[in-house]
Structure formats: C-alpha cells, structure tokens
*Asks:* 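Provided herewith is a single structure, encoded as structure tokens, for subsequent inquiry.
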Amino acid sequence: MASKNPKYLFVTGGVVSSLGKGILSASLGSLLESRGLKVTIMKLDPYINLDPGTMSPFQHGEVFVTDDGSETDLDLGHYERYLNSKMSHKNNFTAGQVYEHVLKKERKGEFLGSTVQVIPHITDEIKKRISIGAEGNDIAIIEIGGTVGDIESQPFLEAIRQMKLELGSDRTLFTHLTFVPYLASSGETKTKPTQHSVKSLLSHGLQADILICRSEQNLSKADCKKIALFTNVNEDCVFTLPDVPSIYSIPVMMNKQGLDEQIVEKLKIRCSKPKLNDWKKVINLENSQKGETKIAMVGKYTELVDSYKSVNEALIHAGIHNGTNVKIEYIDSEMFNKGVKKINADGILIPGGFGNRGVKGMINVARYAREQNIPYLGICLGMQIAVIEFARNVLKLDADSTEFKKSTKHPVIGLITEWLDDEGLIQQRTEESDKGGTMRLGSQVCYLKKTSKMAKLYKKQRISERHRHRYEFNNNYESTFNKNGMTIVGKSEDNSLVEAIEIKNHKWFVGCQFHPEFTSDPIKAHPLFKGFIRAAKLKSK
Ligand code: GLN
C-alpha cells in the first residue's frame, strides 16, 4: 500500500566522483522494494544543460531512454535494472531545467516584482520537483549528482536541508557515500578524506545519518569505529562497500551488513523482511558461469565504455543466463574503413549512434559478419548499417542513408518525410520535439512475424520496445529485401514502419530499429540478447 506521505532517503557522494552512487541507490531501492515497499529513485543533476539528450556520450556516458520517451541520465538505467518500478521524466531533472522554469515564471511576472533568488525560488522549485517525483510511493530515494563541495550542488543540498527541517527525521534520512583509500606503501587505511567530506556536508547543515565507505577491501571494525567517532555517526550506521567482481552482488552484500534494516528502523517504516531469492539466483548463476564468449562491439564512442552502458549490461545479463562469461571488446569502427581482414570474435554487435563518422567501417563490418556467418546484432544505427550493406553488396544498389548522403540514388534509410507522401500517420510521428529535432522517442508497439527468430525468442508477436532515432527503413524497398533474403520481420503497430530485419540464410543475423538494451535486467535478461549470446556461444565451441 503506497503511502500518501512518502519518506525520503537522500544519497550524496563525497571525496571523489565515480564511486557508484547510482548503483548504491539502485541496490538500496531494490532492498526496500523486496520488503514490499513501493519505491522510486530520482537523480538530480546539478549541471546547467537542460537534459542529457544533446550531451556527448564521450563526456556524459549513455543517454538512457524511459518508456515515456525522456532522455535521461544513465543512472536511471541502473535504477530500472535493479527495481521493478519504472522510471519516467519525473525521475531526473537538472539545475538547468529548474533555472529555466524559474526564469520563465519571472518573465511572466509571477513573482510580482520581488527579487528572484536561489533561496527560496530555486530551492522551492527543487523541492516541488522532488515531491512530484515521490508522489504515490512509500519511499523515494533521491540521488544528488556530483560530489559534496561542488559549487553547482549547493542549491540542491540547501533544498534537502530544508526538507529535513520541514518533514522531520521520521521522513528524511541522509546517506553519504564516501571513499576510504588504502595506502599500500604504509599498509594503512586512511579515514581523513571521509572525515573532511562529512564535515563539508555538515557545513551545508546536513549531518550524515548513514555512511557507506567505498574501499578496495572490507574495512576493519576499528576503522569503522574511528570513522564513526570522527563523523558523529552511529557505529552501526557505518557500512563498507568493497570492490566486487559483480555489481549484482551488492544488494545481498549490503543486506548482510544490515543496511536496509537500519534504514527502515530509522525511518520508522513497518514492513516485511526482504525477499532476496531473485538476487541469490543471479549470484548462483554468476558463480557457475563457464568459459568465455567474445563479442566485438564496433562503434564510434568506444573510448568511454559508459557510452554503451545499457548494451554492456544487457550482454552481461545474457551471459549470466547462458552460463558463459561475455567478454566485450570495443573496437573503433574507423579501424575498418578500408575493409576487414579478421575480427576475432564469436559475435559482432553494432550499437546505436549518430552522424557520419565511422559509418564506412561499420558497413564493412556488417558485410564481414554476413559473409562469414558470424552472429550479428545491429541496434538502431546497427540495423540501418546492415540494411545499407545488404542493399549495396547483395542488391547491387547505389544505396545509402540520407543521414549520411543527402542525394543518394537509393535512400534505403531516410527520414520518413523524405520518402513517403505527406499524408497519414507518419506526419504525426515526426512532430518537432523541443530538443530541436524530429526524434522518435520512447516505448512503442512492434509486431513480429510469426516465423521469425525474434518471435521465437520473445515467445510472442506483440512486443513493446523503446526508440531513439530519426531515420527509418524506406518501405519502398520492402519487397525487394524480402525477396532477396533480408526479411522484414518487425513492423510498427499500424504497419507503417519497419522495426526489425533478419537474414534468412545466416546463423543469426538480426537488426532492430529499437533499443532492446534499455529493458534488460539481470534477473530475467532480455530475449534478444539471450538469443544473440546463445548463438555466439555455440560458435565459440
Ligand atoms: N542516427 C540514426 C537515426 O537517427 C540511428 C540512431 C540510433 O542509433 N540511436 O535514426
């Protein structure tokens, strides 16, 4: 039963970034959900950009797309992989959005001429968005991006300080994730950075209730005691989060230390004991993985693996459920501009991407996978590449996507407005979004051909998957493709858009216009990724 007055668990980070606040928040959420509570998680991003949609994957990692078509921070991907509850546009906002909203109000005169200030105007807007996101849940975990001490995070810390004052300690709890380095030369664990970080938090009026200490190894009792003493936190509220081989062991590990018990006690929540069977199953499956299946991931953002976070995780999930360790090798597609000699892999994956760079090499790679009968999964851009390759080398057409070459003779991939008449449903799908483009975004229904590999994998024909793209397969070529061995196996609900292709005479060659990686989780794994890894594993034998 969801409460009318949600409780708030705030998660901040200190000392250094990249400690895994997102994964910690997701693990906490999952523990609380497993106790029968209705949980949501929000990510508050202190940067000024209006959303991560237009940020470079090199800087910011993947853009995660929710069912409702919001382009959000990749941490929301972690939340969905650990929780049953689904995220929406309400679960992520940036300082930029807050300021934009307040400034628009100011222009409309809604502040009646008063001076518009960080406190209370910006902080009020932050608090309002937090409570809208939390609505209908028993508990909302609020992850504040960045590290305590950053200039940008100050209004956010101030807002949550006010929330504690307004709602009291039965409804608010502060968890701080910090780093405890180990100095190998002296053989010592150093608690000073943590002491400073908690002090810095205190200077914003926030006393940490719970500390989670990231470290290479488990901290000793003595270390925890020392940290507790210097940070004014109860000793039994100092937890340690050592490096682990699998991020999916964290919920059970934190439960063993009693973290969720402390949280429900402190927030005075009455609920059942956690049911962790699903997580224990995942751990068992991970422990019994044997051998290696090599996947070559050929893309253009390969320098930062976070750019393909959800694809990486989906491959790992599929490995867990196929009893094999998936080893991903990231290869910059520009390496193959002149052709492919050999790719040493059991499967090849071309993920999503935008723009012209690297496309030449990708087309060569798709050809290699097709001709060498190597399992191939093409996601979004990866499907479009496979289509162009097939059109050029099998159908012998001078084909391209109009994204890469505007005046191509055979636009096998193009903007729907470029190749369809201007009537009908299509137009409705390409409304200008406020992101300055015509992006097809979010969850949409797709129908699969009964006889397709995909329908067998999904075990159904009607599926729903998330989209994030502008270009589409050009329907004018549908029958030519079908006749020549690349089969159109998936269409949109109204039959107007191509959603998926397969090559008939091939071990496993699948392309989809949607992004299946966004809906994969470790407990079930995604059918398409499971099928891909199964085929690759067979090849590796
Ligand atoms: N650039 C392509 C398009 O806009 C593919 C996008 C993607 O892979 N997400 O359609």
*Asks:* Side-chain contact, heavy-atom cut-off 4.5 Å: V15 with T147?
*Replies:* no
*Asks:* Taking atom types as modelled and ignoring hydrogens, do the side chains of N92 and D45 form a donor-acceptor contact shorter than 3.5 angstrom?
*Replies:* yes
*Asks:* Whether R35 and D260 form a salt bridge (side-chain N of Lys/Arg under 4.0 Å from carboxylate O of Asp/Glu) is what I want to check.
*Replies:* yes
*Asks:* Minimum heavy-atom separation for S25 and Y79, please, with both atom names.
*Replies:* CB-CE2, 4.2 Å
*Asks:* What do the steps show when you test I331 against F336 for side-chain contact (heavy atoms from CB on, under 4.5 Å), and what is the final call?
*Replies:* CA-CA 9 Å; I331 314 178; F336 303 113; 3.6 Å; yes
*Asks:* Please determine whether side-chain contact (heavy atoms from CB on, under 4.5 Å) holds for the pair M254 and F239, giving the CA-CA distance in whole Å, both sets of side-chain angles, and the decisive distance to 0.1 Å.
*Replies:* CA-CA 8 Å; M254 297 321 286; F239 297 87; 4.0 Å; yes
*Asks:* Where do A536 and I295 come nearest, in terms of heavy atoms and distance?
*Replies:* CB-CD1, 3.9 Å
*Asks:* Would you please indicate yes or no on a ring centroid separation below 6.0 angstrom for Y458 and H526?
*Replies:* yes
*Asks:* Sub-3.5 Å donor-acceptor pair from the side chain of S452 to the main-chain atoms of A455, do we have one?
*Replies:* yes
*Asks:* Under 4.0 Å between a side-chain nitrogen and a carboxylate oxygen: does that hold for K491 and E478?
*Replies:* yes
*Asks:* Between E502 and K449, is there a salt bridge with N-O shorter than 4.0 Å?
*Replies:* no
*Asks:* Counting only heavy atoms not in N284 (residues, nucleotides, ligands), do more than 12 fall under 6.0 Å from its CG?
*Replies:* yes
*Asks:* Does a side chain donor of either Y248 or E313 reach within less than 3.5 Å of an acceptor in the other side chain?
*Replies:* yes
*Asks:* Mind checking side-chain hydrogen bond (donor to acceptor under 3.5 Å, both in side chains) for T12 and listing every partner two or more places apart, or none if nothing turns up?
*Replies:* H176
*Asks:* Will you find, in the side chains of S464 and S443, an N or O donor that is under 3.5 Å from an N or O acceptor?
*Replies:* yes
*Asks:* Can you check whether F481 and F473 have ring centres sitting under 6.0 Å from each other?
*Replies:* yes
*Asks:* Check the orientation of Y82 and W279. Use parallel for under 30°, tilted for 30 to 60°, and perpendicular for over 60°.
*Replies:* tilted
*Asks:* Is there a donor-acceptor contact under 3.5 Å linking the side chains of T293 and T324?
*Replies:* yes
*Asks:* Can you see which heavy atom on C512 is nearest to which on P516, and at what distance?
*Replies:* SG-CD, 3.7 Å
*Asks:* Would one find more than 12 heavy atoms of other residues, nucleotides or ligands at under 6.0 Å from atom NZ of K86?
*Replies:* yes
*Asks:* So, do I212 and T175 sit near enough that their side-chain heavy atoms are less than 4.5 Å apart?
*Replies:* yes
*Asks:* Would you name the heavy atoms of G339 and N364 that are closest together and state the gap between them?
*Replies:* N-ND2, 3.3 Å
*Asks:* Please answer whether the main-chain N or O of F514 pairs with a side-chain N or O of E465 as donor and acceptor at a distance below 3.5 Å.
*Replies:* no
*Asks:* Is D150 reaching over with its side chain to a backbone N or O of G146, donor-acceptor style, under 3.5 angstrom?
*Replies:* no
*Asks:* Is the backbone of I523 close enough, under 3.5 Å, to the side chain of D521 for a donor and an acceptor to pair up by distance?
*Replies:* yes
*Asks:* With side chain to side chain contact (heavy atoms under 4.5 Å, CB included) as the test, pick out the partner of L32 among V39, L83, D138, N137.
*Replies:* V39
*Asks:* So, are E403 and R470 salt-bridged, with charged N and O less than 4.0 Å apart?
*Replies:* no
*Asks:* Testing the basics here: between I250 and S27, what is the closest heavy-atom pair and its distance to 0.1 Å?
*Replies:* CG2-OG, 3.4 Å
*Asks:* Evaluate the criterion salt bridge (charged side-chain N to carboxylate O under 4.0 Å, His left out) for residue pair K21 and D75; output intermediate values, then yes/no.
*Replies:* CA-CA 9 Å; K21 241 185 310 151; D75 275 327; over 6 Å; no
*Asks:* Would you find a donor on one side and an acceptor on the other, under 3.5 Å apart, between the side chain of K38 and the backbone of E33?
*Replies:* no
*Asks:* Less than 4.5 Å apart, side chain to side chain, heavy atoms only: is that true for R214 and D243?
*Replies:* yes
*Asks:* Verify, without hydrogens or angle tests, whether Y368 (side chain) and I343 (backbone) share a donor-acceptor contact under 3.5 angstrom.
*Replies:* yes
*Asks:* Mind checking whether T66 and N91 have side chains closer than 4.5 Å, heavy atoms only?
*Replies:* no
*Asks:* Would S307 and E62 count as having a side-chain donor-acceptor pair, cut-off 3.5 Å?
*Replies:* no
*Asks:* Check whether the ring centres of Y376 and F532 lie less than 6.0 Å apart, and answer yes or no.
*Replies:* no
*Asks:* Is a salt bridge present between K43 and D73, judged by a nitrogen-to-oxygen distance below 4.0 Å?
*Replies:* yes
*Asks:* So L76 and L74, do their side chains get closer than 4.5 Å, heavy atoms only?
*Replies:* no
*Asks:* Salt bridge (charged side-chain N to carboxylate O under 4.0 Å, His left out), that's the test. Do R466 and D67 meet it? Break it down for me.
*Replies:* CA-CA 6 Å; R466 299 180 193 174; D67 271 336; 3.0 Å; yes
*Asks:* Can you confirm whether E292 is buried at CD, in the sense that more than 12 heavy atoms of other residues, nucleotides or ligands lie under 6.0 Å from that atom?
*Replies:* yes
*Asks:* Is there a side-chain contact between R468 and E71 in this structure, where contact means two heavy atoms from C-beta onward sitting under 4.5 Å apart?
*Replies:* yes
*Asks:* Compare all side-chain heavy atoms of T402 with those of T408 and state whether any distance is below 4.5 angstrom.
*Replies:* yes
*Asks:* Taking 4.0 angstrom as the limit, do R357 and E334 come out as a salt bridge?
*Replies:* yes
*Asks:* Are the side chain of N322 and the backbone of A318 linked by a donor-acceptor contact shorter than 3.5 Å?
*Replies:* yes
*Asks:* Please enumerate all residues that pass side chain to side chain contact (heavy atoms under 4.5 Å, CB included) together with N325, with sequence neighbours excluded.
*Replies:* Q289
*Asks:* Under 4.0 Å between a Lys/Arg side-chain N and an Asp/Glu carboxylate O for R440 and E499?
*Replies:* yes
*Asks:* Any idea which heavy atoms bring R534 and L457 closest together, and the distance?
*Replies:* NH1-CD2, 4.1 Å
*Asks:* Between the side chains of K90 and D68, is the shortest nitrogen-to-carboxylate-oxygen separation below 4.0 Å, so that they form an ion pair?
*Replies:* no
*Asks:* Measuring from atom CD1 of I316 to atom CD1 of I247, what distance do you get when rounded to the nearest 0.5 angstrom?
*Replies:* 7.0 Å
*Asks:* Would you say E517 and Y308 are linked by a side-chain donor-acceptor pair, where the criterion is simply a distance under 3.5 Å?
*Replies:* no
*Asks:* Would you say P527 and K459 make side-chain contact, with heavy atoms under 4.5 Å?
*Replies:* no
